[in-house]
Amino acid sequence: MADEDPRADSIRGRIAKQGEDALGKLAQELLENPLVTGALTRAFEARERAVSAQETAMSALNLPSAADLERLTRRLRSVSQRLEGIEDGVDRLDRRVEETARNVQPPDDRLAAIEAQLTKLAAEIGQIASSLDAAPAPVPREQERLAVDEAPKPKAKPAPRRRASTAKKKS
């Protein structure tokens, strides 16, 4: 192709351009022709009636249409995506349960540890109780002098005071 004459390329270009122009003029004339546009309109209307009749016939036979199949396909994809999300959640939950199971002691070991702690606490409480029973605490000295059963001694009455009003009367 590199050996071809540059004039040949220009001739091809001119012929291609003339062909495109001719096709464009032909299409424009066909679209402007009322006979052709009327035929196209009737063809599209006939197509719509055929599609409608086909849908009615398929519906009468209880067969799904292409639109029904497309809706069903979209719905199935949506359900599939939701199911994958649920599966991922279940997998995460399963991993967490396994991790928790590995970290938790078996119930027998835990019960044994609790019983050991209870035994230790019972021993400490026993020691405290025995030390309390050994000797009563001494009574503080202030409480020794109190006699709870004796009647209280009456308090001495103070001497009567002179009133300032009696001093004024004398003057």
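Worth knowing before you read on, the calculation uses all heavy atoms, side chains too, and leaves out hydrogens, waters and symmetry mates.
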How long is the straight-line distance from [atom2] of [Y] back to [atom1] of [X], given to the nearest 0.5 Å?
X: L69; Y: L63; atom1: CG; atom2: CG; value: 9.5 Å
X: R42; Y: T37; atom1: CZ; atom2: OG1; value: 8.5 Å
X: L23; Y: Q28; atom1: CG; atom2: CD; value: 13.0 Å
X: K120; Y: I125; atom1: NZ; atom2: CD1; value: 12.5 Å
X: Q81; Y: R77; atom1: CD; atom2: CZ; value: 9.0 Å
X: D88; Y: L83; atom1: CG; atom2: CG; value: 9.5 Å

Determine whether a donor-acceptor pair (N or O, by modelled atom type, separation under 3.5 Å) exists between the side chain of [X] and the backbone of [Y].
X: S80; Y: L76; answer: no
X: S52; Y: E48; answer: no
X: S59; Y: E55; answer: no

Output, in order, the C-alpha distance, side-chain angles, deciding distance and verdict of side chain to side chain contact (heavy atoms under 4.5 Å, CB included) for R14 and S10.
CA-CA 6 Å; R14 275 189 265 149; S10 64; 3.8 Å; yes
Using the rule that Ile, Leu, Val, Met, Phe, Trp and Tyr join whenever any side-chain heavy atoms are under 4.5 Å apart, tell me whether [X] and [Y] fall into a single cluster.
X: L31; Y: L35; value: no
X: L93; Y: V90; value: no
X: L40; Y: L30; value: yes

Do R92 and R96 have side chains that approach each other closer than 4.5 Å (heavy atoms only, starting at C-beta)?
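Counting from C-beta outward, R92 and R96 never come under 4.5 Å.
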Qualifying salt bridge (Lys or Arg N to Asp or Glu O under 4.0 Å) pairs, either residue in residues 66-75, two or more places apart:
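Passing the test, one end in residues 66-75: D68-R71, E70-R74.
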